[in-house]
Protein chains: 2
Amino acid sequence: MVKYKNKYLDDVFSALSDPTRRSMLQRLKLGPAKVTELAEPFAMSLPAVSKHIRILEKSNLLQRTRKGREHWCQINPKTMDEALKWLQDHCALWNSLLDSLENHLDNQKDKNKGE
Amino acid sequence: MVKYKNKYLDDVFSALSDPTRRSMLQRLKLGPAKVTELAEPFAMSLPAVSKHIRILEKSNLLQRTRKGREHWCQINPKTMDEALKWLQDHCALWNSLLDSLENHLDNQKDKNKGE
DNA sequence: TTTATATTTAACCATCTGGTTAAATATTAT
DNA sequence: ATAATATTTAACCAGATGGTTAAATATAAA
C-alpha cells in the first residue's frame with residue numbers, strides 16, 4: 001500500500017482542476033513567461049490572472065522569479081518531480097485496478113453466457 | 001500537441017482534490033461498498049458523506065447501483081479508463097518536460113562553472 | 001401495520017473561489 | 001522629476017464547497 005503526505009496533493013489537484021490554470025501550465029511547458037504573457041490568451045483582468053498564478057505558486061507547480069518589475073514564471077521542476085512520481089504510482093494502481101475490473105467484467109460476461 | 005475535452009477534467013481533478021474523496025476511492029479499490037461502509041472511517045455525518053459520493057458520481061469516477069434500500073458504490077471502469085489515458089499522457093508530457101528541465105539546469109550549472 | 005434501517009433532501013452556515021474595479025507599489029524610461 | 005509599465009493588493013460580489021441538523025423517502029423486518 002502506497003501512502004502519501006496528502007495535504008500537498010489537495011493543492012496540486014485543486015490547482016489542476018481549473019482550465020485556466022491547466023492552460024497556463026501548458027503554456028509554461030514551452031518555456032518561462034512573464035505575467036502579462038501568461039495573461040494574454042485569457043479574457044480576464046490582470047488581477048484575476050495574478051490570483052491564478054498565486055494558486056499555482058502555492059501548489060508548487062509554478063515558480064516565480066522577480067527580475068526588476070517583471071515576474072518570470074516557470075514550472076517548478078522539484079514539485080514536478082514529486083507530482084510526477086505520485087502520478088506514475090497512481091497510474092500504476094489504476095492500471096492494475098482496471099485490469100482486474102476488466103477480468104471481473106469478462107467473468108460476468110461468461111457467466112451471463114452460461115445462463 | 002495533445003488536446004482534451006476539458007470540462008470533464010475539471011470535475012475529475014476537483015473530485016480528486018479532496019482527501020475524503022481520495023480516501024473513498026482508495027477504499028473502493030478493494031471492492032464495492034455501500035454508503036454506510038464508505039462513511040465508516042470518517043468523523044462526519046451521513047449527509048456529508050452522501051454529498052462526497054454525489055461529487056464522485058458526477059465526476060464519473062464512481063458508479064452507484066441501488067439494490068433495495070442499499071446503494072452500492074464502485075469505481076466506474078469506463079471513466080477510469082479515460083482518466084487513466086489522460087494521466088498516462090500527462091505523465092509522459094511531464095516526464096519529457098522534466099528531462100528537458102534537468103538538461104536546462106545542468107547546462108546552467110556548467111555555464112556558472114565557466115564564469 | 002408498525003418499526004427499524006439505509007439513504008437522501010432541505011435549509012442553513014462559514015469559508016473558499018473566481019471574477020470584478022480602483023488604488024497602491026515597484027521599476028524603468030523620458 | 002515625471003510619466004509609463006508591470007504587477008499586486010484591497011474591497012467587493014455571486015456562486016460553489018464542505019460541513020451541520022432535522023425531516024423525508026424507500027425498503028426491509030417484526
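The chains referred to below are lettered A, B, ... by the order of the sequence lines, with proteins before strands, and numbering in each begins at 1. Predicted model, so just to flag it, every value in this text is computed and none were measured.
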Can you tell me the distance, in whole Å, between the [atom1] atom of [X] and the [atom2] atom of [N]?
X       : N      : atom1 : atom2 : result
B:His52 : C:dT7  : NE2   : C1'   : 16 Å
B:Asp18 : D:dA16 : CG    : P     : 18 Å
B:Arg22 : D:dG18 : CZ    : P     : 11 Å
A:Lys34 : C:dT27 : NZ    : C1'   : 12 Å
A:Leu38 : D:dA6  : CG    : P     : 14 Å
B:Arg66 : D:dA28 : CZ    : C1'   : 17 Å
B:Leu56 : C:dT8  : CG    : P     : 12 Å
B:Leu46 : D:dG19 : CG    : P     : 13 Å

*Is A:Thr36 touching bases, backbone alone, or none of the nucleic acid, heavy atoms closer than 4.0 Å?*
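Sugar-phosphate contact only.
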*So what does B:Arg21 hit on the nucleic acid, given a heavy-atom distance under 4.0 Å: a base, only sugar-phosphate, or nothing?*
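Touches sugar-phosphate only.
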_Side chain of A:Pro47 only, heavy atoms from C-beta on: which candidate in D:dA11, D:dT8, D:dG18 is closest?_
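The listed nucleotide nearest to A:Pro47's side chain is D:dT8.
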*Pairwise 5' ranking along DNA chain C for B:Val49 and A:Ala43, keeping only the more 5' one*: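 It is B:Val49, whose closest nucleotide lies nearer the 5' terminus.
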_Contact nearer the 5' end of DNA chain C, comparing B:Trp72 with A:Glu70_ =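 By nearest-heavy-atom nucleotide position, the 5'-most residue is B:Trp72.
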Min side-chain heavy-atom separation [X]-[Y] under 4.5 Å:
X       : Y       : value
B:Leu56 : B:Leu25 : yes
B:Phe13 : A:Arg22 : yes
A:Lys34 : A:Arg69 : no

Looking at [N], I'd like to know if its phosphate oxygens (OP1 or OP2) sit under 4.0 Å from a side-chain N or O belonging to [X].
X       : N      : answer
A:Ser50 : D:dT7  : no
A:His71 : D:dT8  : yes
B:Ser45 : D:dG19 : no
B:Arg54 : C:dT9  : yes

*Using distance alone, with no hydrogens and no angle criterion, decide if A:Trp72 and A:Glu70 have a side-chain donor and acceptor under 3.5 Å apart.*
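There is such a pair between these side chains.
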*asked:* Applying the side chain to side chain contact (heavy atoms under 4.5 Å, CB included) criterion to B:Leu61, which one of B:Ile75, B:Leu16, B:Leu28 satisfies it?
replied: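 It is B:Leu16; the other options fail the test.
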*Presence of donor-acceptor pair under 3.5 Å, side chain of B:Arg69 and base of C:dT7*: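 Donor-acceptor pair under 3.5 Å: no.
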